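Remember, it's a predicted structure, so these values are computed and weren't measured experimentally. All values below were derived from every heavy atom in this structure, side-chain atoms included, with hydrogens, water molecules and symmetry-related copies excluded.
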Amino acid sequence: MSDDLIQKLLQAEQTASKKIREARAYRTKKVHAAKVEAIQEIKLLRDEKLKEFENYKKERLGSTEEQTKENNKKTEIEIQKIRKQAQVNQNQVVDLLIKTVLNVDTQMILDQNKKLKH
């Protein structure tokens, strides 16, 4: 009878370990997908802003050389701001996803193992 209980405990532990592995694999897959999506969104935003910049330049080609230089400086500053914002957001998203994946509640599993041992 105690052998049956031991077998049940071992089987429960194996099942719990399998579920933990599956959950980690699922989270890893989701983190990767979210990272890829974030990179794609950043690329789209960058492309959109570069296109706006090119249109802006085309509109201003007829202006004087001094005005063109001033406009180019302002545009470059805006592009740098956008790039910084994109980089900050990308890092925050990746950090949050990594933190979520790595945060596994092992206390519940430990509590269950203790109850099974008693």
Side-chain angles (χ1 to χ4, degrees):
M1 185 155 137
S2 65
D3 287 341
D4 289 339
L5 291 175
I6 292 173
Q7 286 294 44
K8 285 183 181 180
L9 288 173
L10 290 173
Q11 187 177 15
E13 187 176 344
Q14 289 173 350
T15 302
S17 294
K18 181 181 176 186
K19 287 185 179 188
I20 290 171
R21 281 193 309 274
E22 289 172 353
R24 285 183 178 156
Y26 178 75
R27 285 184 189 175
T28 301
K29 182 180 174 184
K30 287 293 187 179
V31 166
H32 179 71
K35 183 177 179 181
V36 168
E37 185 178 337
I39 290 170
Q40 289 173 343
E41 287 180 22
I42 290 168
K43 184 185 180 303
L44 289 174
L45 178 63
R46 182 180 298 133
D47 291 346
E48 179 184 325
K49 292 301 179 180
L50 286 174
K51 189 174 184 179
E52 287 177 16
F53 173 67
E54 290 300 321
N55 289 337
Y56 182 80
K57 277 185 8 181
K58 286 178 185 176
E59 290 173 2
R60 304 299 190 267
L61 280 178
S63 62
T64 66
E65 191 172 312
E66 186 177 319
Q67 289 174 335
T68 302
K69 287 180 183 179
E70 182 68 26
N71 289 336
N72 288 341
K73 286 180 187 178
K74 288 180 182 178
T75 304
E76 191 60 37
I77 290 170
E78 287 297 319
I79 289 173
Q80 292 301 323
K81 286 180 185 177
I82 291 168
R83 286 183 179 155
K84 285 179 185 177
Q85 288 174 350
Q87 185 63 36
V88 167
N89 291 337
Q90 180 182 8
N91 291 338
Q92 288 174 344
V93 169
V94 171
D95 289 345
L96 177 63
L97 292 173
I98 289 172
K99 189 184 299 182
T100 302
V101 168
L102 296 178
N103 186 14
V104 176
D105 185 12
T106 58
Q107 186 61 39
M108 185 173 74
I109 296 167
L110 293 174
D111 291 343
Q112 289 175 345
N113 285 339
K114 286 180 184 177
K115 287 180 182 178
L116 291 175
K117 288 179 182 177
H118 291 277

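Residues forming a salt bridge (charged side-chain N to carboxylate O under 4.0 Å, His left out) with Lys43 (at least two apart in sequence, or on another chain): Asp47. Listed by chain and number, the residues in a salt bridge (charged side-chain N to carboxylate O under 4.0 Å, His left out) with Glu52 are Lys49 (sequence neighbours excluded). The side-chain hydrogen bond (donor to acceptor under 3.5 Å, both in side chains) check on Lys19 picks up nothing, with sequence neighbours excluded. Partners of Glu41 by salt bridge (charged side-chain N to carboxylate O under 4.0 Å, His left out), not counting sequence neighbours: none found. In this structure, the side chain to side chain contact (heavy atoms under 4.5 Å, CB included) partners of Lys18, at least two apart in sequence or on a different chain, are Arg21, Glu22. For Glu78, the salt bridge (charged side-chain N to carboxylate O under 4.0 Å, His left out) partners at least two apart in sequence or on another chain are Lys81. Remark: Gln80 pairs with Glu76 by the side-chain hydrogen bond (donor to acceptor under 3.5 Å, both in side chains) rule, at least two apart or across chains. With sequence neighbours excluded, the residues that form a side chain to side chain contact (heavy atoms under 4.5 Å, CB included) with Phe53 are Lys57, Thr75, Ile79.
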Under 3.5 Å, sequence neighbours excluded: what are the donor-acceptor pairs made by side chains of residues 82-98?
{"unit_1": "Gln87", "atom_1": "NE2", "unit_2": "Asn91", "atom_2": "OD1", "d": "3.2"}
{"unit_1": "Asn89", "atom_1": "ND2", "unit_2": "Gln85", "atom_2": "O", "d": "3.3"}
{"unit_1": "Asn91", "atom_1": "ND2", "unit_2": "Gln87", "atom_2": "O", "d": "3.4"}

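Side-chain atoms of Leu9 and Glu13, non-hydrogen and from C-beta on, never get closer than 4.5 Å to each other. Side-chain contact between Lys74 and Glu70 is present, with heavy atoms from C-beta onward closer than 4.5 Å.
Residue Arg27 holds its CZ atom at 12.5 Å from NZ of Lys30, rounded to the nearest 0.5 Å.
Applying the under-4.5 Å side-chain rule to Ile, Leu, Val, Met, Phe, Trp and Tyr, the cluster around Leu44 consists of that residue alone. Under a 4.5 Å side-chain heavy-atom criterion applied to ILVMFWY residues, the cluster that includes Leu10 comprises Ile6 as well.
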